[in-house]
Novice: 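My structure is below; once you've seen it, I'll send some questions.
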Amino acid sequence: MVSAARDMEQIRRGKDVFKVVFIVTCVETLQKLAGKVGQKKDMLFDFFKGYTSEKDKKYIRSHFAHGSQGLYDEDSFEQFVGVINEYRNCAAHEGEYWDYCFKKPNVRTPLLIIVKIDLENYSMKNKTDHVFETTLSYRKFEEIFVRTCITFIKRYVASQEDTANADT
């Protein structure tokens, strides 16, 4: 799925939402294979909050902010995950594939994005427009995502080994 997301650059250059759809699908697949059930949104938040390293969370927080120039004192890592979820939902349910959500590699200025989102509950209701500023590139996000997947898989395998050892 990560390779497919990367290959989208050849099909629709710069269309980040296509990449996000593949990444979120990868998360949902991993979570379901591990036996997780529930809402897709909850699986996405569980995945990123539970398996992303503190170093990578800090990196995202320092490259993604609510408001221009980081005006709000909130958990921008959680908001980033919420925005990823919202982009996926808009693509899957409303056919909105043309948005950008990552800074282009050779551009120095931050990217400002406007997302209609519920920042309290990340629900489909009570959405309002919010401005976010990001200097996070897709390539850096992909690196973080792959490390997060590796952590998830390692913990899952360890839990299976613990279960197997307990049965013997």
Novice: Assigning hydrophobic clusters by single linkage (Ile, Leu, Val, Met, Phe, Trp, Tyr; side-chain heavy-atom cutoff under 4.5 Å), is Val157 placed with Val27?
Specialist: yes
Novice: Would you call the rings of Phe145 and Phe48 parallel, tilted or perpendicular, taking 30° and 60° as the class edges?
Specialist: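 The rings of Phe145 and Phe48 sit tilted, inter-plane angle from 30° to 60°.
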Novice: To the nearest 0.5 Å, tell me how far Lys57 NZ sits from Asp75 CG.
Specialist: 8.5 Å
Novice: Minimum heavy-atom separation for Ala65 to Ser76, with atom names?
Specialist: CA-CB, 4.3 Å
Novice: Rounded to the nearest 0.5 Å, what separation is found between the OG atom of Ser53 and the CD1 atom of Ile150?
Specialist: 11.5 Å
Novice: Within a strict 4.5 Å, meaning less than it, do heavy atoms of the Ile113 and Val115 side chains meet?
Specialist: yes
Novice: Does a side-chain heavy-atom distance below 4.5 Å link Leu44 with Val81?
Specialist: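 When only atoms from C-beta onward are counted, Val81 and Leu44 do touch, with a gap below 4.5 Å.
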Novice: Between Arg88 and Glu28, is there a side-chain N and carboxylate O pair less than 4.0 Å apart?
Specialist: yes
Novice: Given side chain to side chain contact (heavy atoms under 4.5 Å, CB included), test Val24 with Ile84 step by step and report yes or no.
Specialist: CA-CA 8 Å; Val24 172; Ile84 292 295; 3.7 Å; yes
Novice: At their closest point, which heavy atom of Lys36 faces which heavy atom of Asp46, and how far apart are they?
Specialist: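 What the structure gives for the nearest pair is NZ-OD2, 3.5 Å.
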Novice: Among Tyr122, Phe141, Phe45, Phe132, which residue satisfies the ring pair (Phe, Tyr, Trp, His ring centres under 6.0 Å) criterion with Phe80?
Specialist: Phe141
Novice: Under a single-linkage definition using a 4.5 Å side-chain heavy-atom cutoff for Ile, Leu, Val, Met, Phe, Trp and Tyr, are Met124 and Val83 assigned to the same hydrophobic cluster?
Specialist: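 Different clusters: Met124 never reaches Val83 through Ile, Leu, Val, Met, Phe, Trp or Tyr contacts under 4.5 Å.
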Novice: Can you check whether Leu111 reaches Thr135 side chain to side chain, under 4.5 Å on heavy atoms?
Specialist: no
Novice: Answer whether the closest heavy-atom distance between the side chains of Gln31 and Phe152 falls below 4.5 Å.
Specialist: yes
Novice: For His63 and Thr134, work out which heavy atoms get closest and say how close.
Specialist: O-OG1, 3.0 Å
Novice: Could you check whether any side-chain heavy atom of Ile60 comes within less than 4.5 Å of a side-chain heavy atom of Ile144, counting everything from C-beta outward?
Specialist: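 Result yes, sub-4.5 Å side-chain heavy-atom pair found.
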Novice: Measure the spacing between OG1 of Thr128 and CG of Asp118 and express it to the nearest 0.5 Å.
Specialist: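 Reported to 0.5 Å precision, the distance equals 7.5 Å.
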Novice: Run Phe77 and Thr52 through side chain to side chain contact (heavy atoms under 4.5 Å, CB included) and show every step you take.
Specialist: CA-CA 10 Å; Phe77 176 77; Thr52 304; 3.9 Å; yes
Novice: Let's go through Met43 and Lys32 carefully: what are the C-alpha distance in whole Å and the side-chain angles of both, what is the deciding distance for side chain to side chain contact (heavy atoms under 4.5 Å, CB included) to 0.1 Å, and is it a yes or a no?
Specialist: CA-CA 9 Å; Met43 285 193 258; Lys32 287 179 182 178; 3.9 Å; yes
Novice: Does NZ or CZ of Lys140 fall inside the cone over Tyr59's six-membered ring, less than 6.0 Å from its centre and within 45° of the axis?
Specialist: yes
Novice: Can Phe64 be reached from Val107 by stepping across I, L, V, M, F, W or Y side chains whose heavy atoms are under 4.5 Å apart?
Specialist: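 The answer is no; the residues belong to distinct hydrophobic clusters.
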Novice: Taking side chain as C-beta onward, heavy atoms only, is Leu119 less than 4.5 Å from His130?
Specialist: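 Result yes, sub-4.5 Å side-chain heavy-atom pair found.
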Novice: Within a strict 4.5 Å, meaning less than it, do heavy atoms of the Thr25 and Val21 side chains meet?
Specialist: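 Counting from C-beta outward, Thr25 and Val21 do come under 4.5 Å.
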Novice: In the structure I gave you, are the side-chain heavy atoms of Thr151 and Arg155 within less than 4.5 Å of one another anywhere?
Specialist: yes
Novice: Salt-bridged, Glu86 to Lys116, with N to O below 4.0 Å?
Specialist: no
Novice: Which distance, rounded to the nearest 0.5 Å, do you find between the SG of Cys149 and the CZ of Phe47?
Specialist: 4.0 Å
Novice: Work out which heavy atom in Val131 is nearest to a heavy atom in His66; give both atom names and the distance.
Specialist: O-CD2, 3.3 Å
Novice: Find the distance between OG1 (Thr109) and NZ (Lys104) and round it off to the nearest 0.5 Å.
Specialist: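 Here the interatomic distance stands at 12.0 Å.
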Novice: Step through the shown structure and confirm whether more than 12 heavy atoms of other residues, nucleotides or ligands are within 6.0 Å of NZ on Lys154.
Specialist: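 No, NZ of Lys154 has 12 or fewer neighbouring heavy atoms, counting only those of other groups under 6.0 Å.
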Novice: Looking at OG of Ser137 and CZ of Phe102, how far apart are the two atoms once the value is rounded to the nearest 0.5 Å?
Specialist: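 So the gap between those two atoms works out to 8.5 Å.
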Novice: Determine whether a donor-acceptor pair (N or O, by modelled atom type, separation under 3.5 Å) exists between the side chain of Asn121 and the backbone of Ser123.
Specialist: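 Checking the backbone N and O of Ser123 against the side chain of Asn121, no donor-acceptor pair under 3.5 Å is found.
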Novice: Would Asp56 and Arg147 count as a salt bridge (charged side-chain N to carboxylate O under 4.0 Å, His left out) here? Give the steps.
Specialist: CA-CA 9 Å; Asp56 285 339; Arg147 284 192 294 272; 2.9 Å; yes
